[in-house]
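Below you'll find the structure, written out as structure tokens, and then a few comments.
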Amino acid sequence: MLSMRVTAKRKGIRPKHVKDLITLMILMVIIFLVLLFWENELDEEAMAATLEQLHVDYPQSDIPIRYCNHMIIQRVIKEPNNTCKKGHFFIHERPRNINSVCSSPRRVTCQNHAPSLCFLSEIKFKMTVCKLIEGTRYPACNYHVFATEGFIVVTCDDMGPAKIQRYTE
């Protein structure tokens, strides 16, 4: 009888606690998987947003003075070696209209004769063109601003527009 009391008083994991641990472990695995997929989805959104981040300003931002200087600093648009970009443009059109350029029948040669498919828009888009007039090192760049309308050339892949190559008036 004494040995039964000693056995009953031994500390350790009881069946009830094992069940709780299994539930906790399953919950931790689920949280881990959710975080893993959430991180991958955020990466995809960041990659998809890059094209819009660089060239799309719709609706056009209400910046009355120094539009280009403001937008280029706000969106951190610069050359890889931290110099000012010589020129850049922002398209003031809905992203879905830009995406539709990939279904345009107007195929053109891509820059640097890249093997990708490039498409010319069938309609002109409203845009603001920024041309560097002063400065060499980012962010000390000063741009001349002019509004125009032009066709855009887009590199497309299976997901849609991958890069906006250039514009033509």
Practice task
To the nearest 0.5 angstrom, please state how far the CD1 atom of Ile133 sits from the SG atom of Cys84.
Solution key: 11.0 Å
Practice task
Using atom types as modelled and distance alone, determine if a side-chain donor or acceptor of His70 lies under 3.5 Å from a backbone N or O of Ile65.
Solution key: no
Handout entry: For Ser104, side-chain hydrogen bond (donor to acceptor under 3.5 Å, both in side chains) partners two or more places apart
Key = none
Handout entry: For Asp62, all residues meeting side-chain contact (heavy atoms from CB on, under 4.5 Å), sequence neighbours excluded
Key = none
Handout entry: Pairs touching residues 117-163 that satisfy ring pair (Phe, Tyr, Trp, His ring centres under 6.0 Å), sequence neighbours left out
Key = none
Exercise for the section: Evaluate whether the separation between SG of Cys156 and SG of Cys118 stays below 2.5 angstrom. Expected result: no
Problem - Shortest non-hydrogen separation from Met127 to Gly150 and the atoms involved - result: CE-O, 3.6 Å
Practice task
May I ask whether Val153 and Ile123 are part of the same hydrophobic cluster, defined by side-chain heavy atoms of I, L, V, M, F, W, Y residues being less than 4.5 angstrom apart, directly or through others?
Solution key: no
Practice task
Could you please spell out the steps behind the side-chain contact (heavy atoms from CB on, under 4.5 Å) verdict for Thr83 and Lys78?
Solution key: CA-CA 6 Å; Thr83 58; Lys78 60 185 175 179; over 6 Å; no
Practice task
Start with the C-alpha gap between Ile72 and Cys130, add the side-chain angles, then the distance that decides, and say whether side-chain contact (heavy atoms from CB on, under 4.5 Å) holds.
Solution key: CA-CA 9 Å; Ile72 285 174; Cys130 308; 4.2 Å; yes
Problem - Nearest heavy-atom neighbours spanning Cys102 and Gly160 - result: SG-C, 3.5 Å
Exercise for the section: Could I get the full list of side-chain contact (heavy atoms from CB on, under 4.5 Å) partners for Arg75, not counting sequence neighbours? Expected result: Gln53, Asp57, Met71, Ile77, Phe90
Practice task
Spell out, as yes or no, whether a donor-acceptor pair under 3.5 Å connects the side chain of Asn97 to the backbone of Ser100.
Solution key: no
Exercise for the section: State, to 0.1 Å, how close His92 and Thr128 come at their nearest heavy-atom pair, and which atoms those are. Expected result: NE2-OG1, 2.6 Å
Handout entry: Distance, nearest 0.5 Å, that separates OG1 of Thr168 from CG of Leu120
Key = 5.5 Å
Handout entry: All side-chain contact (heavy atoms from CB on, under 4.5 Å) counterparts of Glu149, not counting sequence neighbours
Key = Lys124, Lys126
Practice task
Taking side-chain contact (heavy atoms from CB on, under 4.5 Å) as the test, write out the residues that go with Val56, two or more places apart.
Solution key: Glu52, Tyr58, Pro95, Ile98
Exercise for the section: Work out which heavy atom in His55 is nearest to a heavy atom in Ile164; give both atom names and the distance. Expected result: CB-CD1, 3.7 Å
Practice task
Apply side-chain contact (heavy atoms from CB on, under 4.5 Å) to the pair Cys141 and Leu132, showing each step before the final yes or no.
Solution key: CA-CA 7 Å; Cys141 313; Leu132 183 67; 4.0 Å; yes
Practice task
Mark yes or no for whether Arg106, through its side chain, and Ser121, through its backbone, hold a donor-acceptor pair below 3.5 Å.
Solution key: yes
Problem - Arg166 to Phe89 - nearest heavy-atom pair and separation - result: C-CZ, 3.9 Å
Fill in the blank from the handout: Heavy-atom closest pair (Ala162 atom, Asp157 atom, distance to 0.1 Å) is CB-OD2, 3.7 Å
Handout entry: Atom pair CD (Gln165) and OG1 (Thr109), whose distance is rounded to the nearest 0.5 Å
Key = 11.0 Å
